[in-house]
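Below you'll find the structure, written out as structure tokens, and then a few comments.
Within every chain, numbering begins at 1; the chains are lettered A, B, ... in the order of the sequence lines, protein sequences first and strands thereafter.
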Amino acid sequence: MFNSAFDAVVPMVCVSLAGLFALLAEAFRAKGERMPIGGLAVIGLVGAGVASVLLWDRNASSFGVVTADNFALFVNLVLVVVGLFTVLFSSQTLERDGLPVGEYYALMLFAIVGMMLMAQATDLLLIFLALETMSIAVYVLTGLRRDQPNAIEAAFKYFLLGAFASSFFLYGIAFIYGVTGTTHLEQAGAAIAAQSMSSNPMLLLAVGLLVVGFAFKIAAVPFHMWSPDAYEGAPAVVTGFMSTGVKAAALAAFARVFLSALAPLVADWTPVLWAIAAATMVVGTVVGVSQTSLKRMLAYSSIAHGGYLLVAIIAANDVGKASMLFYLAAYAVTNLGAFGVIALLGTREHANDDLRDYAGLAHSHPALALLMTVLLLSLGGFPPTAGFIAKWYTFSAAVSAGYYGLAIIGMLSSVVSVYFYLRIVVMMYMSDRDARPVPPPISGLAMAGLVVSVLAVLYLGVLPAQMIAWAEQSISTIF
Amino acid sequence: MTFDLLLFYLFAAITVGGSLLVVAQRNPIYSVVSIVAAFCGLSGLYVLLEAPFVAVVQIIIYAGAILVLFLFTVMLLNATREDGAEWDRSHPYYRPGPTRVGGVLAVVLLGQLAWAISRMTGLSAGVGEAAPAASSVRLLGRVLFTDYMFAFEVTSILIIAGMVGAVVLAGKKGN
Amino acid sequence: MLALIPLFPLLGFLVNASVGRRLSKAVSGGVACVAMLAAFAVSVTQVMGLAAMPDTTREISYTVFTWIKSGDFVLDLTFRLDPLSALMILVITGIGSLIHIYSTAYMHDETDGEFARFFSYLNLFVFFMLLLVLGSNFLVMFVGWEGVGLCSYLLIGFYYVKKSAGDAAKKAFIVNRVGDYLFVLGALLAFVTFGSFDFQLIAAKATAMPPEVAFGTLSLITLLLFGGATGKSAQIPLYTWLPDAMEGPTPVSALIHAATMVTAGVYMIGRNAVLFEHAPITLGVIAAVGAATALFAGTIGLVQNDIKRVLAYSTVSQLGYMFLAMGVGAFGAGVFHLYTHAFFKACLFLGSGAVIHALHGEQDIRHMGGLKKSLPITYWTFLVASLAIAGVPLLAGFFSKDEILFETFDHGHQLLWVLGVVTSLLTATYMFRLVFLTFHGERRMAPAVAGHELDPHVSPAHGHGGGHLHDAPPAMALALVVLAIGSVSAGWLGWPHALMGGHNNLGEWLKPSFSATSTALAECNVPVALPGAPAGMTLAECAPGDAVPAVASSAQTTAEIALPASAQATESHAEPAGVGHAGAAAEDKTSLERLLMGVSSLIAVFGIGLAAFLWLKNPQIPASMAASFPGLHRLLLNKYYVDEIYDAAIVHPIQAASTQGLWKVADARIIDGAVNLTGYLVAGVSAVLRLFQTGSVRSYAASTFMGVVLILGYYLWR
Amino acid sequence: MPILTLLIALPILGSLLLLALPNRDGSKDQTMRLGALVISLVTFVASLALWAGFDPSAAAPAFQFVERHSWIPTFGIEYYLGLDGISLMLVMLTTFLTPIALLSSWEGIHTRVKEFSIFMLLLEAAMIGVFLSLDLFLFYVFWDVVLIPMYFLIGIWGYDQRLYASIKFLLYTMAGSVLMLVAIIGTAWLHQQATGQYSFDLLKLYELRVPDHLQYWFFLAFALAFAIKVPLFPFHTWLPDAHVQAPTPGSVILAGVMLKMGAYGLLRFAFPMFPEAALAFAPWLATLAVIAIVYGALVAMVQPDMKKLVAYSSVSHMGFVVLGIAAMNVQGLQGASYQMLAHGVSTGGLFAVVGMLSDRRHTRLISDFGGLKAVMPRLTAVFLILTLASVGLPGMNGFIGEFLILLGAFRWEPRFVVVAGLGVILSAVYMLWMFQRVYTGPVTHTENRHLNDLSVREWAVVGPLCALCILMGVAPNLFLAPMEPAVTRIVQRMESREPMRVEAGWRSWFTGAPAPVAARVSAVEGQ
Amino acid sequence: MVPISYYLILSGLLFAIGTAGVFLRRNVITLLLSVEVMLNAVNLSFVAFGRQFGTVDGQIITFFVMTVAAAEAAVGLAIVIALFRHRESLSPEAFTNLKW
């Protein structure tokens, strides 16, 4: 099948087929019949993963608008991992919350298709479509528990602001089109390289609006306000999925657009991103300090992490690109694990995501507490975990580009963030609650997922060399 | 004052007026109706831009399909007037702040856009002077199904996602 | 072999400290005494060996091991025995042994554990004291210096249940620490100046330098060292700890606070004689401080009522004498007095101890009297020692004190001489006041007072009846008698030339120690010259008036030491000026010395008579005097309120400032406050920022929109 | 065989082993305690072998038992271990104190003994790693890892204020060290600029001539991180809280080893890596150090709480260490290193004894005690020995270090010594005052009448410490000799350098750090 | 002939009106309509630009935008219905349960 004109799209095809089958399965499912639809998703994702691996280094491209360079494939693989973890944690929570299984998986897979496409597309229009595909699926996933007002409210806010922002994004595309006469990145880039930005006010508008579009998706300040609400309202599993997958995809597209087509204008968009990144890191961590809901807390933390990722883009050098990829991978495993724990501790009635619900977890469920601790330490950037390597990598990118200021801001904000990560640890280990509700039993599958994620976190933390090498290969082929 | 400039101003007036009404109406139904008017004006502008097919699609799909969907929803929810008085007044987070801020910002944005566009050189050329019109449906079709083939396919996923989503969210309880 | 001397006491300490509490009193006391006697025996053999040597190269030194080595800084733990330290170790081990023996009886009422603890401390003290005097460099000396401080701390606080004892101990250690601080600074400065801690090398290097007419490095070094000495030897301003130190058991007072430790300062100055000789300014200071202390303490001693405190102040005052001697450059005389003082003062203390022991802890002389009959041995020995300290002719004190006074006068410090004479009058007076009040007159002791509740070391197993007294048991008696004999005869070693042509053998013997040895001089290639030379040089160099006493002092020292033995040697080497001076001095010295001797003997006798008149014949006079001058009396009784002043001026301010200022405000409020403030700040900002998250979707949109406008604005208007 | 790796791995493996053992109901507590103890003892034995195999001669290579394996090749990051005399001694200190700390916890720690033992072992491994790593990245990893177990130790097993203390400890220390991380990255990048490849190899970075305006800030970043750890006035306020709240073993390790990490960092990294800046800032550091000495002593003097008193005394003593380092001559550095060991032993011992008292009486207030000498003479004797050691009595370990520091500092700048010397007086004041109030006088509280004296286990805790106090005082060369070559090397490295002009750094603050092309490797420059 | 810039400014005007609508109205449906207005404003720009270049790309993009708009409308309205089920209100201010 390879070496055909359609290689580049194979991963997406796999996933979308899985999604369609999931829908069909749901359609044919008798009421109350249990069907391993998650299995379909796994098959599709694994297929996509295998395809991505096979496409490695082949720099395939289809339709002239979809590329399968290593950069995209790396992101694809991260997304596959995201998907797989999500599936692992979903199986239990879906049943518990009585969610529509088929639709859930289908939407999740469609979202992943959109994400993959964002990473792979080399055409702004396509990026827009991908972004919309992803977004629409995720809007719905957010509001999946429609019996809960919060879920719907979250979906509503996410949707409205998303639509609002994506129209800005679209407007930006329009101006790019107006300036260059094309939406295709290479050609646009070539055309832009010809002219300087200040001479062309429409280009200014274009860049500004594109920044807005992407910044919104990765929840950068001041476009972040939807994320805490959306993350809190959505089912924990979905939150994990959003916070990692959407970010990854958006950043991939962000990097591709700004570091290839808009690369000539680097001097022009850097200051804006600098400010946004700084604000994002600071606000994300500082506001996180006063949160009591775990989901919300981690929502702010993921805002902050978005800021760290922006730093990688600002560095705009090879170290930066590679570090971004590494960061995405590390962050994906860590955050999914953390939200997995939250999801598994919830019950149908209560999300159990308040800080106090974790009091004395170390007694009632030591293993879970231990895993959670490792994940939180990784989020806080303590060695020897993935989070530390990721932060170090990103900030060395910043330093190597001379952005000491950003590095220092980021480091200090990460110290602040440690405070609220440790509040959870304090709850779990250092404060006992007399009437401790026994946490719900955790399925072997989910537990396995957690263990795997923790192991991954430790592996990336102790032996990051291989992953770093891959990341570097990924950026070697493009830009 | 040439004829098409006149037409432009006419359609522009309809469009702007319609969309202003959309924003100005308290009653959703009126909003929907006035947006239909706005879209009609828009399609007129498309005609002036020698994009007849787009104009038609604008009328049929947009005004015909999508807005009817809106209308249905409004009817379904039977929320004719902008309700929520009991929410607005009593609500602790009801503040005129966002409204005013948003209004001001909108004006600023308009200023920015206008300023940027007006400073653009090479756009002063009239329609049809810069390049010959490329608007035959055949051409459209060919380009759509060659260059934009993949995008077209992607929209299918998009639509499916949208459909499924709509069903999941709006469908009857307890599926 | 030399190392054995300190080794024995150390072993004794280890034994008693480790297994002492399981040993019987006989055994542990025996161990301690044997250790001391062994040390004494070894010392004697060593000193004899030393004496056998030719006096030019009279020194035995032995390096145990290299203690500290760091880069170019290498410090050996070396013992050096020279005439001066020889004298010291004899005093220490000799008198130490006696006091050990005495203690076996005195401490007999203690439990086994306490008994062993006492002797282990005592042995440890002797060990450190020997380290102090045998050490060949500042650091080893410092080890002993601090070590004896520690032991005095432990022994003063021996009755640890008494709060006063604990306070006194702490005070002693801390005041000493102040001195040690200055001492260390001085030593470090010396090291930086001379590149070594070794006394000999320093002396040799210093010999090469001219005496400092103006204040300079040498003056600074010596001043700092003298500061250390004031701490250890209880001189103004750091003398306050010594009287309090009487809280310790009496043998401790005898050994540490009379005979040995407190004289360490004097020894240290003698050890660095060359250094001090080259710092005339410092010498002046020392002399003044010494004389002042002597007088000052004497006046206080006059009115004290605690038998031991009287002795303590007399000790302070006698130490003042020694420093006076050192200050006028009469190092030999100072050490001489140190040596004699060790005998009679130890004797006095032990005697008072015997009294206290007999009276079950009564220390207030107003409750004594008429003990002559019941305590004959104690009485006689005490009397002899008192006569000695009072300076009655031909007794130990006479010679040494007289020599000091003579030197003082002779070096042109007439004023100081007057002070000294007054002091000796006071000495005689208050000593005999003590004697008379304690032993003569009728018994003023109520039986109740003799009760055990006054006993500092109450112990059920204490076999004395309440009322009847009995004299010192044999062990104590032995010590008393031996020391009394010493008090009589010790002075004869330094029989002056002036008095029927004796040979000041002691001065003779000590002389080499007060100058750099030829070996050392050779080692740091300083041209070998007799100690006379530098003095001569300075005489030639500096005429200006302000330096005159200094010049005189050094010149006289040399002359005085040189005269009896080898005047011609001096003449041949020294420059004409020096010779002239020395020669001229030689003529009228003898007559002058005789004259002064007479004066001081008279003074002594007069003092005794005065005491007899006041406290023996008509005791109402002192009372009426005290009544007529209440202010003065109270002032003296309260020791010029010096302790109170120190507390008010130093201790309390520091404590208050640290508590209220540093800890509660600077640390908790400001520094830590800043830290916490950062935390609160973040929390506060967080609490404010989160309020922007109102939950209203339109405000969210507004923020997004704001971002858009700002970015576009930046681009369009930059 | 890779003995250094073994040293680090032993405790980790041990902790994993304990982790594997089930102990839900706490029935296996004793096993846990014993297991941890045995493991730490084995580690100690291994470190003894290390000492035996160490070649203290000046001719020997600078770092011995070197192990280096590529870790993150693209950045030249290596797993690079090696030790010289200084690190050898500190490793010995660590492996020596850990079993003692574990023993001292025997009765104090009842709850979650399993976790406790695991954290103690992890802590040991991390601390050893800090002293052994020659790769800055590796060093930073260990440096940060150390925080976590200690955070848990304070937070879980501490006293009432433990949460506040633990989080303060963690955040304060971290805030300092992240800036250091930035500086580390910057240095590595400068190396890349100069030679074309990244390197975190300490020895390579020694050769790097960092341009002044960057060196200024890098040094400050390093110095801040280490000054907080030491802790140097005015960054010391986390220490009293942490010490007072930590459980006894925690305090022992904290005072005994962890503070040393800061001083070690100063003399191993901050000074040799940025010599010009270091020399320029040495007087400032020394000033802070002498302030810390006197200030710490004065504040310690008036503390009502024994642990707090000892904590502030640590501030004072560590001030001496920094003073010695700032002097930057052989005596100063060697004295500083020695003082680290001495302070580790004596203060660790003091905390252990205070812990024994509070185990018995559940209070640490001095006013709650008094006259204990009559009740527990042995404990009193032990405490006295440790007290004398910590007031620097000659013949005890404290003296050697303080004296050498004073000597070195005096050779450099006597004025500092004049002030620092006051600390010697004051140390006597506060220690003896405490001793008097706690141990002498009549027994004031009836509860204290029947406290039992040292048990055999407690002898095992304090016995070695006291013995070492005296041994280190009498035969210091035993410990000085191995350190000397290392110290001389550092001093020689510094001697060749000129202090930079400080204004350069200030200006770079406003002008922003320009592209540091000036960076060059002195070796390269030589050719 | 009408200059292209007129169309562009017109679209800018429409876009601004759309954004203003998001803030001025307190009815969820009107909010959605305002977003539709914004999208159409962009469409106008696309077509105008396309006309400027004389290619059909602009027009084709508008088709895709319409599709997206349709999908968004579907989901959006579904959400609106779900919202209305919870609170009998369409005011965005009614849904401020999640905050801070």
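Within the 4.5 angstrom heavy-atom criterion, only side-chain atoms of N676(C), from C-beta onward, approach chain D. Contact annotation for Y338(D): neither backbone nor side-chain heavy atoms come within less than 4.5 Å of a heavy atom of chain C. Looking at F191(C), the atoms closer than 4.5 Å to chain D (heavy atoms on both sides) all sit in the side chain, from C-beta outward. Contact annotation for S164(C): neither backbone nor side-chain heavy atoms come within less than 4.5 Å of a heavy atom of chain D. Both the backbone and the side chain of A666(C) come within contact range of chain D, with heavy atoms under 4.5 Å apart. Contact annotation for P234(D): both backbone and side-chain heavy atoms come within less than 4.5 Å of a heavy atom of chain C. Of the atoms belonging to L77(C), not a single heavy atom falls under 4.5 Å from chain D. In this structure, chain C has no heavy atom under 4.5 Å from any part of V443(D). The contact between Q331(D) and chain C is made by backbone and side chain atoms together, counting heavy-atom distances below 4.5 Å. Proximity to chain D involves both the backbone and the side chain of V178(C), based on heavy atoms less than 4.5 angstrom apart. Residue L422(D) touches chain C through both its backbone and its side chain, counting heavy-atom pairs closer than 4.5 Å. With a 4.5 angstrom heavy-atom cutoff, F235(D) does not touch chain C via any of its atoms. Only the side chain of V192(C) comes within less than 4.5 Å of a heavy atom in chain D; its backbone stays farther off. Proximity to chain D (any heavy atom under 4.5 Å) is shown, for D72(C), by both the backbone and the side chain. Within the 4.5 angstrom heavy-atom criterion, no atom of T380(D) approaches chain C. Looking at L171(D), there are no atoms closer than 4.5 Å to chain C (heavy atoms on both sides), in backbone or side chain. Contact annotation for L480(D): only side-chain heavy atoms (C-beta onward) come within less than 4.5 Å of a heavy atom of chain C. For K170(C), the part lying under 4.5 angstrom from a heavy atom of chain D is the side chain only.
No donor-acceptor distance shorter than 3.5 angstrom exists from the side chain of W67(C) to the backbone of A475(D), with no hydrogens or angles considered. Between the side chain of Y181(C) and the backbone N or O of V418(D), at least one donor-acceptor pair lies under 3.5 Å.
The shortest non-hydrogen separation linking Q334(D) to K69(C) is NE2-O, 4.4 Å. Taking every heavy atom of both residues into account, Q436(D) and K163(C) meet most closely at NE2-O, 4.1 Å.
Heavy-atom pairs under 4.5 Å with chain D peak, among A668(C), G147(C), G679(C), G166(C), at G166(C). In terms of non-hydrogen atom pairs under 4.5 Å with chain D, the most contact-rich of T66(C), L139(C), T678(C) is L139(C). Note: S70(C) leads S658(C), G71(C), S70(C), A17(C) in heavy-atom pairs under 4.5 Å with chain D. Interface remark: of the candidates L333(D), L426(D), V474(D), V474(D) forms the most heavy-atom pairs closer than 4.5 Å to chain C. Most heavy-atom pairs under 4.5 Å with chain C, from the set F435(D), Y164(D), F233(D), W238(D): that is Y164(D). Counting heavy-atom pairs closer than 4.5 Å to chain D, the top-ranked of the candidates V143(C), I670(C), T659(C) is T659(C). In terms of heavy-atom pairs under 4.5 angstrom with chain C, the leader among L432(D), V330(D), N329(D) is L432(D). Chain C forms more heavy-atom pairs under 4.5 Å with one residue of V491(D), D241(D), L404(D), L384(D) than with any other, namely L404(D). Ranked by heavy-atom pairs under 4.5 Å with chain C, the list F410(D), Y439(D), Y312(D) is led by F410(D).
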Show the numbers, then the answer: is there a side chain to side chain contact (heavy atoms under 4.5 Å, CB included) between H236(D) and I671(C)?
CA-CA 9 Å; H236(D) 63 279; I671(C) 301 176; 3.9 Å; yes

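A 4.5 Å side-chain heavy-atom check between R21(C) and P377(D) finds at least one atom pair inside the cut-off. The shortest distance between side-chain heavy atoms of P304(D) and W663(C) falls below 4.5 Å. Under the 4.5 Å side-chain criterion, counting only non-hydrogen atoms from C-beta, K168(D) is in contact with D672(C). Looking at V429(D) and R177(C), their side chains never come closer than 4.5 Å, going by heavy atoms from C-beta outward.
Atom CD of E146(C) is separated from atom CG of L393(D) by 5.5 Å, given to the nearest 0.5 angstrom. Atoms CE and CZ, from M431(D) and F173(C) in turn, are 11.5 Å apart once rounded to the nearest 0.5 Å. From F142(C), atom CZ reaches atom CZ of F403(D) across 9.0 Å, with rounding to the nearest 0.5 Å. Between L407(D) atom CG and L188(C) atom CG the span is 6.0 Å, to the nearest 0.5 Å. Atom OH of Y153(C) and atom CG of L388(D) lie 7.5 Å apart (nearest 0.5 Å). We find the CG-OH distance between D667(C) and Y295(D) to be 3.0 Å, quoted to the nearest 0.5 Å.
More than 12 heavy atoms of other residues, nucleotides or ligands sit less than 6.0 Å from atom CZ of F65(C).
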